[in-house]
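The structure appears below as structure tokens.
All values below come from the heavy atoms of this structure, side chains included, with hydrogens, waters and symmetry mates left out. Per chain, numbering begins at 1; letters A, B, ... match sequence-line order.
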Amino acid sequence: MHSSPLLADLNAAQLEAVAAPPGHYLILAGAGSGKTRVLTHRLAWLVAEQGLWPHSILAVTFTNKAAAQMRSRVESLLEQPSQGLWIGTFHGLANRLLRLHHDEAGLPREFQVLDADDQQRLVRRTIREANLDDKRFEPRFGTWLINAWKDDGLRPDQIDAGRDPHGQHWIDIYRAYQQACQRGGLVDFGELLLRSYELLAEHPALLAHYQRRFAHLLVDEFQDTNKIQYQWLKRLAGDSGQLFAVGDDDQSIYSWRGAQVANMQHFREDFAEVKIIRLEQNYRSTEIILQAANHLIAHNGDRLGKDLWTEHKGGEPIQLYAAYNENDEARYVIGRIEQWRSHGERLDQSAILYRSNALSRVLEQALVEAKIPYRIYGGLRFFERAEIKDTLAWLRLLNNPDDDPAFERALAQPPRGVGEKSLEKLRAMARERGVSLMRVAADPALRANLTGKPRSGLTEFVAIIDELREGVSERVLAEQVEAVLEHSGLRAAVAALEPREAEARGENLNELIAMANSYRVPEEDEAMGELAAFLTQASLDAGDSQAAKHADAVQLMTLHSAKGLEFPLVFIVGMEEGLFPNQRAMEEGPQQLEEERRLAYVGMTRAEKQLVLSYAESRRWRGGAAYNAPSRFIRELPGRCVSEVRPKVQLTRPSAFGAASSSKPLNTSPVKLGGNVRHPRFGEGVIVQAYGQGDHARVQVNFDDHGMKELVLAFSKLEFL
DNA sequence: CGCAGCACCTTTTTT
DNA sequence: AGGTGCTGCG
């Protein structure tokens, strides 16, 4: 019935979704069910088969990576560049709207986007300037609160203070913070969304224009949308726009930052005749892995319901390793990876996942020792590194002298004798006159209010800025970055650090120059000027695409950042109560536990062929030792899917399955993992591994003074302590 | 003013 | 353990 190559190789449900007639659609796309495929083919189909202009389509994702991927896939399907098509993140598209209509939105053309760090600093300052105690009014909490309000579409005037006496203060802080942003032409992430929503709400002609333009709206990861994002979509769709939303309630793992799975329900209620299409055939994992994942997620109530199946029958059982401690766990994982590699497999086909970043350290160490290349995702991002942020602050100040947060950061780094006291004077003068810090600093008459080192330091600072600004027009972007590094003294300050640090940070600075060198202003930002556009990109993009080295390396990341990815071999380490599910979730209740369970589900469904789970009986944790029980999620897996990997020596170790208290035969062997031993030559140590039985039994002991040794039990004169 | 040493706190992360 | 913010001293 269809001849389009776009529809070839699609299963029935995918086909139904891709070639669906006009209307609203909610695609419930299970893990590995070809969600991205459906989205890109749908988009290409609309253009190629329905003759729609790319111009009339808007596609939204959550990450830049997903957006870039979607664009490139669509372009290759269509075999032409997707001009006029709006593909981007919610924040990226909101930014675009605000740039295009900055006058209507009440923003300067070159407004800057504030990152989370800058935002919190500004909130802290706002609290202090309101003469409130930042112990009672924690900036962290305030930032969270303001973001939550913005995510809910609320302005200070729309918030009910409630009975909490703090409530009104917080609302006032929000208001003052917002004024400070407005004064400096600064926009935080939440503001991008809210402001662009208001832009549409308050300008009917503009709204009508975009509603007419965007006949189709495609949304990825719909379960992760928050309230304002959904409202934004709804408004943009209006009465005529058709919404095609793809999501999976079982993979909703971001409720802690405002995502509302309920939007899937709202969508069905708010739009006429929403058709639901389920994608339930999984193309990724083996039957065993899938069965286990299905079984696990079935422990959650409150699901839209969906059962994944696959044609890949059977498969390797999930392996479960009960480690003695975190080092043992790391060693086991590394052993498995070496085995994998020795079978001719690629390292980048394997991933180690964990609940929290703190767990990566041991693994990293062990990988270094084993000389296995690895790549860690997450942690601090390129644009968040101190030396990069310092440089960007100078650039921001060149771009916009009224950017107060940038002023404060640039003035402090490198230090030039102007400290908190002097800065406070500057702030007071600025507040009094209603101008920015730079305007105060640049006025010699006002500078006269300072004396000694602060005054000379500030004068010097202003002179450097002036000098840099004079040369701006003659320099291309990369030269400007270099000029800043040179004249600000930042380059010198980095060079003066201890050699290791100096090298690493210096490389980052070079990387920044390289990025500036290869930067091309995107078409839609041409009105903005090279520097402003570059700074915008720096704040909207984590900058980790630069770090994407193509080396063959084991992938390490949190479970959260693994979403959307797949690997033939997947390890999930730290499967322990208190870690995963984490303590907080256990305390907060069933809702949070269900989210943890979805996280486990997401992790498990990343695995294509082999899934390995592990936990440690004892673990060094926050300085002390923790003895965590195996994660409840292990017990929630069907026993037939799991095979427990255990050392071959008889050991006392309760099975992770079933009642943990079931009586076990008493262990008569003195060999106990973790047991302390003494050797006549090596001294004291700890048994970390044991193999074999009887005369052939060997133990691996980590000696305090002599390191790791493998000993044959029958011959070594080990004393068990 | 700036630095060194000390107390405190600890999920997950994108934009 | 490790990073961040605060305090007290030079």
Give a yes/no verdict on a cation-pi contact between [X] and [Y], requiring under 6.0 Å between NZ or CZ and the six-membered ring centre and an angle within 45° of the axis.
| X | Y | answer |
| --- | --- | --- |
| A/R99 | A/F111 | yes |
| A/R257 | A/Y254 | yes |
| A/R96 | A/W86 | yes |
| A/R385 | A/F383 | no |

Using a distance-only test with no angle check, is there a side-chain donor-acceptor pair under 3.5 angstrom linking A/T225 and A/N263?
yes
For a quick check under 3.5 Å, do A/K150 and A/Q178 share a side-chain donor-acceptor pair by atom type?
yes
To the nearest 0.5 Å, what is the distance between CG (A/D188) and OG1 (A/T143)?
9.5 Å
Inter-residue atom distance A/L359.CG - A/L353.CG, 0.5 Å rounding
11.5 Å
Rounded to whole angstroms, how far apart are [atom1] on [X] and [atom2] on [N]?
| X | N | atom1 | atom2 | result |
| --- | --- | --- | --- | --- |
| A/E138 | B/dC9 | CD | C1' | 10 Å |
| A/R597 | B/dT11 | CZ | P | 22 Å |
| A/F62 | B/dT13 | CZ | P | 16 Å |
| A/W144 | B/dT13 | CH2 | C1' | 16 Å |
| A/L98 | B/dT15 | CG | C1' | 14 Å |
| A/L593 | B/dT11 | CG | P | 17 Å |
| A/Q537 | B/dT15 | CD | C1' | 13 Å |
| A/L599 | B/dT13 | CG | C1' | 12 Å |

Tabulated below should be each protein N or O lying under 3.5 Å from an N or O of nucleotides 2-6 of chain B; please produce it.
| unit_1 | atom_1 | unit_2 | atom_2 | d |
| --- | --- | --- | --- | --- |
| B/dG2 | OP1 | A/G417 | N | 2.7 |

Closest to the [X] side chain, choosing from [options]:
| X | options | result |
| --- | --- | --- |
| A/R622 | B/dT15, B/dT10, B/dT12 | B/dT10 |
| A/N582 | B/dT15, B/dT11, B/dT12 | B/dT11 |
| A/W256 | B/dT10, B/dT15, B/dT13 | B/dT13 |

Comparing A/R140 and A/A116 on DNA chain B - which has the more 5′ nearest nucleotide
A/R140
Salt bridge (charged side-chain N to carboxylate O under 4.0 Å, His left out) between A/E326 and A/R619, worked out:
CA-CA 5 Å; A/E326 74 280 3; A/R619 180 183 294 280; 5.4 Å; no
Collect all protein-nucleotide pairs involving nucleotides 2-9 of chain C in which both atoms are nitrogen or oxygen and the distance is under 3.5 Å.
| unit_1 | atom_1 | unit_2 | atom_2 | d |
| --- | --- | --- | --- | --- |
| C/dC6 | OP1 | A/R128 | NH2 | 3.3 |

Using OP1 and OP2 only, check whether a side-chain N or O of A/T558 sits under 4.0 Å from B/dT13.
yes
A/N95 side chain N/O closer than 4.0 Å to the phosphate oxygens (OP1, OP2) of B/dT15?
no
Counting any heavy atom closer than 4.0 Å, what does A/D188 reach on the DNA or RNA strands: base, sugar-phosphate only, or nothing?
nothing
Knowing that exactly one of A/R427, A/R396, A/R121 qualifies, which makes a salt bridge (charged side-chain N to carboxylate O under 4.0 Å, His left out) with A/E408?
A/R427
Does the ring of A/F90 meet both stacking tests against the six-membered base ring of B/dT15: centre distance under 5.5 Å and plane angle under 30°?
no
